[in-house]
Amino acid sequence: MFLSVFDIFKIGIGPSSSHTMGPMTAAARFLDELRDGRRIWPGAGAPKRLRCTLHGSLAWTGKGHATDRAVILGLAGCTPETLDPDEAEILEKKVAQSKQVKLPGLPALDFDPDKDVIFDFEKNLPGHANGMVIEAYDAQNRLHMQETFYSIGGGFVVTAEELERQRTAETEGRPEDLSPQSAPYPFASAKEMLAMGKKSGKSIAQMKRANELTASDPQELEEKLWHIWEVMNACMERGLNTEGDLPGGLTVKRRAAAIKRQLEDERGHNMTMPHVANDWLSVYAMAVNEENAAGGKVVTAPTNGAAGVIPATIKYYREHCPGSNDEGIKTFLLTAAAIGGIIKHNASISGAEVGCQGEVGSAAAMAAAGMCAALGGTNEQIENAAEIALEHHLGMTCDPVGGLVQVPCIERNGLGAIKAVSAASLALRGDGSHYMPLDNCVEAMRQTGVEMNDKFKETSKGGLAVNLPEC
């Protein structure tokens with residue numbers, strides 16, 4: 001099983017990897033299919049008009065997650081990797097005014113965002129909670145092309161056909177997420193990962209690096225890994241130095257900058273409490289997620305809603321742990337990606353599918369593993385750290401107030417980072433042996449997600465989302 005570190009850590013924009021980045025990517029893919037012209041319905045003329053219908057969680061929390069905006073920008077030719085957040089508003093207004101998109105390789109296409117982005121609150125598509133259908137019609141209003149996409153978490157997007165093929169392959173024991181070039185350590189579970197590490201004498205990060213080198217040369221890999229951290233850190237710094245209210249109507253105030261000032265003012269005081277370390281972890285994570293909520297440039301880790309946990313833990317490692325170094329950051333990222341790939345392969349990282357246990361829970365497990373590795377932990381200690389962190393997020397619901405990635409998401413990332421460091425520390429105090437294997441914990445998360453009521457899976461129909469303060 002091979003998921004690249006750059007599949008797990010994608011550079012994009014907020015506020016949501018599944019509701020913003022995924023739909024934008026799907027729209028861009030649809031335009032590519034339209035240019036290709038191989039899926040045209042019989043008898044249809046040239047494309048003239050575009051339409052997108054959002055289903056399930058994409059409909060229920062699409063407004064709060066800016067899904068409609070993502071679709072508009074995607075059909076206007078943008079991708080999450082290349083979009084400049086400062087230019088997005090200008091482009092969105094241009095499309096709204098002209099009611100048309102003009103794209104290379106295609107005729108001018110009619111597209112009225114007010115009419116052609118449809119929120120269907122009644123129909124759920126069968127493949128995944130995050131479903132959307134994009135269509136092109138000809139001048140006589142005949143269907144020219146149609147594609148069903150599923151945004152399956154972390155910015156990953158598949159068509160209905162691809163999803164069915166994946167599930168058939170898994171049923172038949174032919175996992176389709178193998179790299180084109182055979183990965184030397186294709187572990188699909190933590191048990192396999194530990195066995196391969198024991199046989200080879202390599203650390204988890206070393207095995208992950210070897211897998212990555214089937215697709216990248218060593219220098220390219222080093223540069224791309226470091227760039228991931230640079231984008232994470234830049235996002236954090238913006239959040240730590242920006243104040244004001246977050247968009248969306250809840251008038252949630254940014255707090256990271258003010259808390260950072262307080263912590264800096266307290267440095268060196270004799271009365272500083274030991275638990276101030278937790279405050280630093282929290283403020284680092286909150287800074288990232290405030291930027292995410294504002295639609296800024298972020299890295300999925302493994303999702304946008306959980307984007308603060310891993311950067312915060314890395315920052316804590318680098319700024320607060322004696323003996324830390326830049327090489328440790330790369331070890332951290334490689335190890336975290338290995339754990340994230342196992343979780344995604346065997347369960348889910350989608351809040352719409354399994355609740356926030358799949359987002360912040362997965363991020364905390366990845367961060368705990370990365371932290372443990374960076375501090376010199378053995379493979380067994382690393383697996384133990386990931387299990388501890390994930391175990392204590394089991395059952396966590398995804399219930400964003402107002403459909404916005406703000407309450408409780410921003411603070412939740414801070415607590416996820418604290419749990420990650422605590423889990424790594426506990427694991428390092430032992431020899432790696434423990435009762436509950438990580439694989440069993442991942443399966444427990446999957447089962448819990450299956451049984452969880454849809455009200456608590458990113459629909460904003462239950463939990464905190466419906467228990468609002470009286471005004």
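Values in this document were obtained by computation on a predicted structure and should not be read as measured data.
Figure legend: Lys10 and Phe156 shown as a cation-pi pair, the cationic atom lying under 6.0 angstrom from the six-membered ring centre and within 45 degrees of its axis. Note that Lys202 lies outside the cation-pi zone of Tyr185, set by a 6.0 Å cut-off to the ring centre and a 45° limit from the axis.
With sequence neighbours left out, Asp36 forms a salt bridge (charged side-chain N to carboxylate O under 4.0 Å, His left out) with Arg38. In terms of the side-chain contact (heavy atoms from CB on, under 4.5 Å) criterion, residue partners of Glu230 (sequence neighbours excluded) are, by chain and number, Trp226, His227.
Under the 4.0 Å criterion applied to side-chain N and carboxylate O atoms, Lys297 and Glu81 are not assigned as salt-bridge partners. Here Glu222 pairs with Lys330 in a salt bridge; the nearest charged N to carboxylate O distance falls below 4.0 Å. Using a 4.0 Å cut-off between charged nitrogen and carboxylate oxygen, Asp454 and Lys461 do not count as a salt-bridge pair. Taking a cutoff of 4.0 Å between a charged side-chain nitrogen and a carboxylate oxygen, Asp245 and Lys253 qualify as a salt bridge. Under a 4.0 Å N-O distance rule, the pair Arg29/Asp32 does not qualify as a salt bridge. Arg51 has a carboxylate O that lies under 4.0 Å from a charged side-chain N of Glu135, or vice versa, which qualifies the two as a salt bridge. One finds no salt bridge joining Lys99 and Asp114 here, because no Lys/Arg side-chain nitrogen approaches an Asp/Glu carboxylate oxygen to under 4.0 Å. Remark: Glu327 engages Arg209 in a salt bridge, criterion side-chain N to carboxylate O under 4.0 Å. Using a 4.0 Å cut-off between a side-chain N of Lys or Arg and a carboxylate O of Asp or Glu, Glu162 and Arg167 do not qualify as a salt bridge. We find that Lys315 and Glu237 are joined by a salt bridge, their nearest charged nitrogen and carboxylate oxygen being less than 4.0 Å apart.
Among Met193, Glu192, Lys191, the one residue that satisfies the side-chain contact (heavy atoms from CB on, under 4.5 Å) test with Ile342 is Met193. A side-chain contact (heavy atoms from CB on, under 4.5 Å) with Val407 is found for one member of Asp399, Val252, Leu468, Leu246 and no other, namely Val252.
In this structure, a donor-acceptor pair under 3.5 Å is absent between the side chains of His55 and Glu122. Side-chain polar atoms of Gln357 and Thr448 form no donor-acceptor pair below 3.5 angstrom. With no hydrogens or angles considered, no side-chain donor-acceptor pair links Thr303 and Thr300 at under 3.5 Å. Side-chain contact, His19 with Thr61: a donor N or O sits under 3.5 Å from an acceptor N or O.
With hydrogens and angles disregarded, a donor-acceptor distance shorter than 3.5 Å links the side chain of Glu383 to the backbone of Leu438.
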